[in-house]
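Chain identifiers are assigned alphabetically (A, B, ...) following the order of the sequence lines, protein sequences preceding nucleic acid strands; residue numbering begins at 1 within each chain. These figures come from a predicted structure and were not determined experimentally.
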Protein chains: 2
Amino acid sequence: MESFKLFLKSIVPLSDQEFEKYSPYFKTRTLARNSYFAEIGKTSHEAAFIKKGLLRTYYINEKSEEVTSCFCAENNLTASYKSFISQLPSELSIQAVEDTELITISYNDLQILYQKSALWQNIGRSIAERQYMVMEQYASVLCNESAKEKYMRMLEEQPAVINKASVNDIASYLGITRRTLSRIRKEITQ
Amino acid sequence: MESFKLFLKSIVPLSDQEFEKYSPYFKTRTLARNSYFAEIGKTSHEAAFIKKGLLRTYYINEKSEEVTSCFCAENNLTASYKSFISQLPSELSIQAVEDTELITISYNDLQILYQKSALWQNIGRSIAERQYMVMEQYASVLCNESAKEKYMRMLEEQPAVINKASVNDIASYLGITRRTLSRIRKEITQ
DNA sequence: CAGCAAAAAGGACAAATGTCCTCGAATTTA
DNA sequence: TAAATTCGAGGACATTTGTCCTTTTTGCTG
């Protein structure tokens, strides 16, 4: 739980006692490689902090292709947010790229925390704001760069993902084809 | 204020009395065409609901080009969120595309609302969640569709913006060049 | 309303990226 | 461990998009 505590402390002021008080609401759980944390069509009742491992979020587009929209690594949060927030069926699947350890909270327990304490209201809002800013960065930067620029940025910012994820998934995450990614990789190694 | 009340009601349950109670914290203000609601380098002390008009958000990239990251139309919120939330200098400018009427709240007043009431904590969190989901949608679309698909989607989802904004700004919003946009427009009219 | 400036359209060519395919290496499964 | 399957690299060509430029249109100002 230590890493999760540090994560929360990086977002809001939080004493160790306060953390201890609420930690029973959080469960630890492992997810084997290739198994799912969320699935398309099923309502997502949990959000998670990733203690160790890597998760991939994807959806299916109109051409029935998997499109990877996110890689979530250690010390980050993950959830099918739309489904979790609205408690409606998920449009996303979240799958473990490697064996992964999670710290989770259920939707119901989170609502209890929100009712119990202004602190958690604050944490909830700050996390939503944070996720928004991360997504804004992703959107505005990634979408105005060339294939090569996007790959170079990923190499810089998410080197671990490059090593663990498949070429297919990395390409769809960057919005390019496998062929283009292969060309870029060749170019770089020279 | 009526449209703003309806907007809030679409996000959280809210009685008319509750709305009246807090409405003094909100100010109405107009913004002339081409003038700024937020400017790069200046800390943004206000967030706004757009009663009427259209705003364009942009930043300057490494090549010193304006990149339009967002068009915000009537009945939506706008802010240089990162700057507003963190109270640090803005990386974005927000400019009126046409004469615009805003309903604004200051950072300080919003903090007061958060302290005063769990309702506003809830509204704040729900809005952050909502903005996140909008941004997520924008990101995945922009990165995985062709120039023509992106333009067609914009025609469908934001027809008013197409009519009001310049070709330059629409192109940079879609992450394509003017030339490509011109080609697509010609193709469509045939 | 003429003249000017800014914005938009579009021609010609170059570069980037996609499509479809094959081949060999790596990984899984019987 | 052998066979089967998946995965990644890359060739050949097509298509899309970008760059640089000129021409046309639009809108503003005196």
Side-chain angles (χ1 to χ4, degrees), chain A residues 32-35 54 56 58 61-68 71 93 95-99 141-155 158-190, chain B residues 32-35 54 56 58 61-68 71 95-99 140-155 158-190:
Chain A
R33 179 169 133 83
N34 288 333
S35 60
L54 180 65
R56 177 177 74 97
Y58 68 85
N61 68 9
E62 333 72 50
K63 298 159 200 152
S64 301
E65 303 157 333
E66 278 186 14
V67 179
T68 296
F71 286 108
S93 286
Q95 188 180 25
V97 172
E98 59 183 354
D99 292 353
V141 168
L142 219 61
C143 295
N144 289 285
E145 291 184 328
S146 70
K148 188 176 178 184
E149 288 167 331
K150 286 188 279 190
Y151 183 73
M152 297 306 283
R153 178 182 293 276
M154 193 174 174
L155 258 183
Q158 308 178 66
V161 177
I162 300 270
N163 293 322
K164 293 173 182 173
S166 74
V167 166
N168 239 316
D169 294 346
I170 293 172
S172 94
Y173 175 63
L174 295 176
I176 63 181
T177 59
R178 262 177 308 168
R179 187 69 192 82
T180 298
L181 181 49
S182 157
R183 267 193 280 249
I184 292 168
R185 285 184 154 177
K186 186 176 186 183
E187 196 186 339
I188 287 174
T189 54
Q190 281 166 3
Chain B
R33 180 167 131 84
N34 289 332
S35 60
L54 179 65
R56 176 176 77 95
Y58 67 85
N61 69 10
E62 333 73 49
K63 297 160 200 149
S64 301
E65 302 157 334
E66 278 187 13
V67 179
T68 297
F71 286 108
Q95 187 180 26
V97 173
E98 59 183 356
D99 291 353
S140 79
V141 161
L142 214 58
C143 291
N144 292 287
E145 289 187 329
S146 69
K148 188 175 179 186
E149 287 169 331
K150 287 187 280 190
Y151 183 72
M152 296 306 283
R153 178 184 293 272
M154 192 174 175
L155 258 184
Q158 309 178 66
V161 176
I162 299 271
N163 292 325
K164 291 172 183 174
S166 75
V167 166
N168 240 315
D169 295 346
I170 293 172
S172 93
Y173 175 63
L174 295 176
I176 64 181
T177 59
R178 261 178 310 169
R179 188 66 192 82
T180 299
L181 182 50
S182 158
R183 268 192 280 250
I184 292 167
R185 284 185 154 175
K186 186 175 186 186
E187 196 187 340
I188 287 172
T189 53
Q190 281 166 3

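Going from atom CD of B/Glu149 over to atom C1' of D/dT16 covers 12 Å, rounded to whole Å. Spacing between atom CZ of A/Arg178 and atom P of D/dT6 amounts to 13 Å, rounded to whole angstrom units. Atom CD in B/Glu187 sits roughly 12 Å away from atom P in C/dG10 (whole-Å rounding). Look at CD1 on B/Ile176: it is 19 Å from P on C/dA16, rounded to the nearest Å. Atom pair A/Asn144:CG and D/dG18:P shows a separation of 10 Å (rounding to whole Å applied). Rounded to whole Å, atom C1' of C/dG18 lies 12 Å from atom CD1 of A/Ile184. Rounded to an integer number of Å, the gap from A/Leu174 CG to C/dT17 P is 11 Å.
Within residues 164-171 of chain A, the residues having any heavy atom closer than 4.0 Å to DNA chain D are, in order of number, A/Ser166, A/Val167, A/Asn168.
The environment of CZ in B/Arg178 is sparse: at most 12 heavy-atom neighbours from other residues, nucleotides or ligands sit within 6.0 Å.
Using a 4.0 Å heavy-atom distance criterion, B/Leu181 is classed as making no nucleic acid contact.
Salt-bridge annotation for B/Arg153 and A/Glu62: absent, with no side-chain N of the basic residue lying under 4.0 Å from a carboxylate O of the acidic one.
A donor-acceptor contact under 3.5 angstrom links the side-chain atoms of A/Arg183 to the base of C/dG18. With hydrogens and angles left out, the side chain of A/Arg179 and the base of D/dG11 share a donor-acceptor pair within 3.5 Å.
Looking at residues two or more places apart in sequence or on another chain, you find a side chain to side chain donor-acceptor pair (under 3.5 Å) between B/Lys148 and B/Glu187.
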